[in-house]
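Order of the sequence lines sets the chain letters (A, B, ...), proteins ahead of strands, with each chain counted from 1. Source: prediction; values computed, not measured.
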Number of protein chains: 2
Amino acid sequence: MPRPRSLTPDRLAAAALAVIDRDGLPALSMRTVAKELGMSPMGLYRYVADREELEGLVVDRVLNDVDTTPPAADAPWSDRIETMVRRLRDAVARHPEAVPLTLAHRHRAPGGLLWSETVLGILTEAGVDGARRVVALRALHGYVTGAIQLEHLGPLAGPGTTAIAALPEDRFPHLTRTARAAGEVDPDQEFFGGLRLLLRGLDD
Amino acid sequence: MPRPRSLTPDRLAAAALAVIDRDGLPALSMRTVAKELGMSPMGLYRYVADREELEGLVVDRVLNDVDTTPPAADAPWSDRIETMVRRLRDAVARHPEAVPLTLAHRHRAPGGLLWSETVLGILTEAGVDGARRVVALRALHGYVTGAIQLEHLGPLAGPGTTAIAALPEDRFPHLTRTARAAGEVDPDQEFFGGLRLLLRGLDD
DNA sequence: CTCGTAGGCGTACGGCGTACTCTCAACAGG
DNA sequence: CCTGTTGAGAGTACGCCGTACGCCTACGAG
């Protein structure tokens with residue numbers, strides 16, 4: 001009966017994400033998002049309880065971009081899991097500045113649950129179940145979470161490598177050598193190479 | 001020649017860590033650390049350039065607690081790597097509130113480099129080198145980083161699980177079933193089970 | 001004893017999240 | 001068409017935060 005709402009949670013999330021993508025994560029604040037929407041800072045509290053909830057909406061929006069339809073069932077199960085992982089990684093990479101948020105709120109975003117559901121379906125078809133399935137899902141989650149984070153925080157193959165290569169060679173003989181070799185490995189090889197290790201371990 | 005310094009960086013880090021352990025990460029601020037040390041807030045800036053650097057000191061202190069001497073060489077290489085991972089996990093777990101910091105600053109802490117050096121030594125003895133060694137180190141790093149984070153953010157086996165088990169069963173058939181099975185898996189099994197998958201994949 | 005130097009303190013500023021109060025737009029009932 | 005109600009939205013204010021800046025003072029070299 002009174003004045004209708006002028007915003008959807010999704011528009012709110014979109015505005016916050018726009019701020020993050022444009023000005024970086026530190027620029028995200030209730031005030032900047034309000035400005036982005038042309039409203040007063042306090043107006044946001046009509047839609048979210050606090051900043052934490054706003055962040056949750058942002059993460060949800062990022063993860064909802066992940067295609068969670070099961071990949072074609074004729075491919076080997078490990079390829080299908082790789083496809084799922086690639087979709088997640090690509091979606092996250094579309095908003096690199098939001099990476100820390102994505103990981104911190106991952107467990108509360110429905111989009112993340114859908115992804116897990118699909119992955120579990122593939123694992124089940126591969127004959128993994130019971131405690132092994134629990135461990136497998138967690139391992140995948142852990143690897144993907146950590147590896148994506150590492151990529152966006154400073155890849156081993158990348159500028160951080162040159163810093164490492166400059167370390168005293170006598171105290172870090174392996175590390176300096178490995179850092180030099182890392183220059184030849186591109187991020188995709190690194191990421192999916194590691195994933196393949198995990199999948200191979202799963203395939204007894 | 002003038003007045004000597006009254007603080008070491010390590011004492012500073014210890015004070016910050018004390019605040020974190022006692023009152024939680026959100027309580028960490030330049031002001032609370034200064035109070036912990038009985039000095040004025042601005043006094044800290046004699047020792048660190050900014051808050052970021054203080055956080056770096058804290059992480060360094062946490063990671064310096066990790067024993068990085070190579071484990072007895074007569075054990076299988078995968079057991080030796082497991083030992084290294086366990087040491088790191090234990091050290092981080094000693095300061096659970098600092099986990100988000102630890103991961104954010106991991107790449108700048110000398111302690112972390114020593115750990116990598118030892119792990120690389122083990123990998124080398126196992127016959128892993130070149131690009132494979134790069135991928136292996138990164139995969140381990142990724143898994144350990146992600147899995148520790150997941151543990152401290154809300155384990156699949158744990159209270160988050162009951163929330164997942166309450167999801168609509170028709171939309172998340174595998175997830176709800178797996179969540180129920182997760183209750184039987186303790187965190188150590190989960191963590192090291194996943195690590196074993198990775199190590200098995202490495203052992204061609 | 002003197003003096004230059006650097007340690008530490010206090011003040012102050014701009015920005016943050018958010019509690020609280022007030023105004024007024026938009027519809028339902030007459 | 002008018003009017004009363006109700007919630008959307010604005011404004012103000014408070015107590016935090018990180019930190020720039022300037023002052024005072026304890027110290028050790030000469």
Residue A:M42, side-chain heavy atoms: nucleotide from C:dG7, C:dA19, C:dG10 that is nearest
C:dA19
Reading DNA chain D from 5' onward, which residue's closest nucleotide shows up sooner: B:A27 or A:G43?
A:G43
Among residues at least two apart in sequence or on other chains, which ones pass side-chain hydrogen bond (donor to acceptor under 3.5 Å, both in side chains) with A:T83?
none
When the distance from CG of A:L28 to P of C:dT18 is rounded to whole Å, what number comes out?
12 Å
Send over the distance from B:E52 CD to D:dC17 P, rounded to a whole Å.
18 Å
Rounded to whole angstrom units, what separation is found between the CG atom of B:L44 and the P atom of D:dC17?
12 Å
Residues at least two apart in sequence or cross-chain that pass side-chain hydrogen bond (donor to acceptor under 3.5 Å, both in side chains) with A:E53, listed by chain then number, are none
All pairs passing side chain to side chain donor-acceptor pair (under 3.5 Å) where residues 32-43 of chain A contributes a residue, at least two apart:
A:R22-A:E36, A:S29-A:T32
Going by ring-ring contact (aromatic ring centres under 6.0 Å, His included), name the residues that satisfy it together with B:H95, two or more places apart in sequence or in a different chain.
none
A:E190 bridged to A:R196 by N-O distance under 4.0 Å
no
Output the rounded distance in Å from CG (B:L54) to P (D:dC17).
14 Å
Do any side-chain nitrogens or oxygens of B:Y45 fall under 4.0 Å of OP1 or OP2 in C:dC9?
no
For B:H141, which residues count as a ring-ring contact (aromatic ring centres under 6.0 Å, His included) partner, sequence neighbours excluded?
B:W115
Give me, pair by pair, the N or O atoms of the protein and of nucleotides 14-16 of chain D that are less than 3.5 Å apart, along with how far apart they are.
none

State which residues pass side-chain hydrogen bond (donor to acceptor under 3.5 Å, both in side chains) with B:T176; sequence neighbours excluded, sorted by chain then number.
none
Do B:R89 and B:D188 meet the salt-bridge criterion of a basic N to acidic O distance under 4.0 Å?
yes
For a quick check of understanding: with a heavy-atom distance under 4.0 Å over all strands, which category does A:R46 fall into, base, sugar-phosphate or nothing?
base
Which residues pass the side-chain hydrogen bond (donor to acceptor under 3.5 Å, both in side chains) test with B:R51, sequence neighbours left out?
B:E55
Can you sort out which residues in residues 32-39 of chain A have a heavy atom within less than 4.0 Å of DNA chain C? Ascending by number, please.
none
